[in-house]
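Please read the structure below before turning to the comments.
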Amino acid sequence: MSIRSAIVRRAIDVAALLAEVQETANGATVAFVGHVREVNDGRAVTGIEYSAYGEMAERELAAIASECASAYGIAHLAIEHRLGTLTLGEASIAIVVAHAHRAPAYEASRFIIEEVKRRLPIWKREGYVDGSSEWVNASGVPQAGAAQEHRT
Amino acid sequence: MSIRSAIVRRAIDVAALLAEVQETANGATVAFVGHVREVNDGRAVTGIEYSAYGEMAERELAAIASECASAYGIAHLAIEHRLGTLTLGEASIAIVVAHAHRAPAYEASRFIIEEVKRRLPIWKREGYVDGSSEWVNASGVPQAGAAQEHRT
Amino acid sequence: MTVTALLFASYAEALGSDRLELAFPGSATVGEVVAQLRALPGGAALPPSPLVAVNLTYARADQRVANGDEVAIIPPVAGG
Amino acid sequence: MTVTALLFASYAEALGSDRLELAFPGSATVGEVVAQLRALPGGAALPPSPLVAVNLTYARADQRVANGDEVAIIPPVAGG
């Protein structure tokens with residue numbers, strides 16, 4: 001059993017995460033990597049500054065990992081989410097999940113990224129080529145009342 | 001645009017494939033790696049010998065890559081399937097797909113592995129700890145008439 | 001009774017601080033903490049019912065807070 | 001007319017060869033090539049309607065084969 005999640009402030013080494021979940025009981029490994037994209041919402045991006053409610057982000061990420069392990073029978077997974085200033089193409093998150101079979105590996109991987117986007121207290125400020133920057137309200141805008149959903 | 005597929009007879013370097021699809025237009029990369037698993041159908045496995053109808057396997061794999069690119073709007077993908085004798089834990093296949101967004105990246109990745117299992121003319125002979133070995137009729141047993149399905 | 005309000009991202013910018021000590025005469029709920037923040041200069045940037053975590057756990061607006069609690073106001077998240 | 005039958009994996013083992021030249025007096029279909037293979041020693045290992053590829057493309061049993069065609073009999077695939 002190797003379930004690990006971390007909020008980091010350095011580059012993410014995806015190959016190291018792949019090696020970490022490698023176990024001969026597993027026939028399938030699925031890795032998801034999120035990167036800083038050059039265009040968002042039609043604007044040319046130069047980089048992203050990720051910030052977090054650090055202590056809670058670590059706790060929520062660990063909770064997501066643990067929920068994933070129970071829900072999909074995953075015994076080997078590694079997640080890292082990076083904070084700080086990232087330039088184009090750099091990985092902001094890597095999720096690596098291994099399982100005996102491919103279907104649970106894919107489903108578990110997707111579960112984690114969707115939960116991360118929905119509930120991890122992390123924010124990003126995008127910098128644009130014109131020198132301006134903005135807080136990005138990326139995917140899951142948490143609504144009032146979202147807290148209850150998280151807990152059920 | 002970088003769509004590449006190959007049948008190889010050496011170890012698969014997943015990190016190299018990840019680097020290959022890396023492009024700042026992409027915000028999401030999904031990698032699938034299939035490995036030799038220590039137990040299959042309740043029997044302890046020591047290794048697998050993969051063989052193929054090589055010329056056709058290359059052609060079908062390229063067709064799958066190309067169908068995937070059109071169906072999911074994927075401009076960056078790399079697939080390698082390995083042949084020969086593999087020991088426990090070694091990667092038999094790696095599929096790396098990148099896209100601006102995560103949903104198409106996951107769907108494209110899954111499409112490729114399902115098509116590979118369904119129609120790539122590759123066979124495996126599993127070796128077991130008792131010294132015996134057997135041809136494995138893994139996932140998609142092609143039925144008579146499957147040829148038509150492939151083409152529609 | 002005093003609680004520590006934590007502010008992040010756009011909320012911290014709007015209120016000009018990422019950490020405020022708030023005093024209440026008696027007991028208070030999460031909603032009352034939010035109301036006090038919204039009454040501050042720049043506080044209108046906070047929605048009436050933002051996502052809130054008390055001591056690292058997401059909490060409802062009617063949850064009671066205690067002296068010394070850490071009440072974090074969570075802007076729309078954008079991780080991943 | 002002669003075609004080259006290619007055999008793989010369990011089928012090659014059963015027929016003791018991975019490549020056989022088969023002659024037909026006139027024209028022939030994929031199904032007739034299969035039937036001739038099934039009549040050989042060990043040929044019973046082939047199902048009556050296996051998956052077949054003619055010149056690298058999957059083909060139906062009623063497809064006609066031509067002189068020099070490569071007719072591959074594809075056992076249940078197990079890639080990935």
Side-chain angles (χ1 to χ4, degrees), chain A residues 12-19 21-41 44-48 76 86-103 105-114 116-117 124 126 136 138-139, chain B residues 12-19 21-41 44-48 76 86-103 105-114 116-117 124 126 136 138-139:
Chain A
I12 297 174
D13 181 347
V14 181
L17 298 188
L18 283 165
V21 302
Q22 169 79 1
E23 228 286 334
T24 55
N26 299 319
T29 303
V30 173
F32 174 83
V33 186
H35 308 271
V36 176
R37 201 151 42 93
E38 66 195 358
V39 176
N40 193 22
D41 239 343
V45 172
T46 55
I48 295 182
H76 302 91
L86 278 68
T87 56
L88 288 193
E90 284 196 288
S92 52
I93 186 167
I95 297 165
V96 183
V97 176
H99 192 277
H101 304 287
R102 69 187 181 283
Y106 273 106
E107 287 158 19
S109 175
R110 192 73 196 268
F111 169 85
I112 292 169
I113 185 63
E114 298 305 328
V116 161
K117 298 229 169 221
K124 55 186 181 190
E126 248 173 23
V136 178
S139 41
Chain B
I12 296 172
D13 181 347
V14 181
L17 299 188
L18 283 165
V21 302
Q22 170 79 0
E23 229 287 334
T24 54
N26 298 318
T29 304
V30 173
F32 174 83
V33 186
H35 307 271
V36 176
R37 199 152 42 95
E38 68 194 359
V39 175
N40 193 21
D41 239 345
V45 172
T46 55
I48 294 182
H76 302 92
L86 278 69
T87 56
L88 288 192
E90 285 196 288
S92 53
I93 187 166
I95 297 165
V96 183
V97 177
H99 192 277
H101 304 288
R102 68 188 182 282
Y106 273 106
E107 287 159 21
S109 174
R110 192 73 196 267
F111 168 84
I112 293 169
I113 184 64
E114 298 305 327
V116 160
K117 298 232 170 219
K124 55 185 179 190
E126 246 171 25
V136 178
S139 39

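Sequence lines set the chain letters: A, B, ... in the order given, protein chains first and strands last, and positions in each chain run from 1. In what follows, every heavy atom counts, from backbone to side chain, and hydrogens, waters and symmetry copies are set aside. As the structure is a prediction and not an experimental result, all values here were calculated from the model.
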Please flag which part of Ala105(A) lies under 4.5 Å from any non-hydrogen atom of chain B: side chain, backbone, both or neither.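 For Ala105(A), there is no contact with chain B at all, as no heavy atom is under 4.5 Å.
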Using atom types as modelled, flag every donor-acceptor pair under 3.5 Å from a side chain in residues 25-33 of chain A to any protein atom, sequence neighbours excluded.
unit_1	atom_1	unit_2	atom_2	d
Asn26(A)	ND2	Val21(A)	O	3.4
Asn26(A)	ND2	His76(A)	ND1	3.2
Thr29(A)	OG1	His35(B)	NE2	2.8

Rounded to the nearest 0.5 Å, how far apart are OG of Ser109(B) and CZ of Arg102(A)?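 So the gap between those two atoms works out to 10.5 Å.
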Please report the interatomic distance OH(Tyr106(A)) to CD(Glu114(B)), rounded to the nearest 0.5 Å.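 Those atoms lie 7.5 Å apart.
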Portion of His99(B) that has a non-hydrogen atom of chain A nearer than 4.5 angstrom: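 Neither part.
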Among all residues two or more places apart in sequence or in another chain, which pass the side-chain hydrogen bond (donor to acceptor under 3.5 Å, both in side chains) test with Thr46(A)?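 Checked Thr46(A) against side-chain hydrogen bond (donor to acceptor under 3.5 Å, both in side chains); zero matches.
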Who are the side-chain hydrogen bond (donor to acceptor under 3.5 Å, both in side chains) partners of Glu126(A), not counting sequence neighbours?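 Listed in chain order: Asn40(A), Tyr128(A).
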May I ask you to list the residues in residues 88-98 of chain A that approach chain B closer than 4.5 angstrom, counting heavy atoms only, ordered by number?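 The list, in residue order, reads Leu88(A), Gly89(A).
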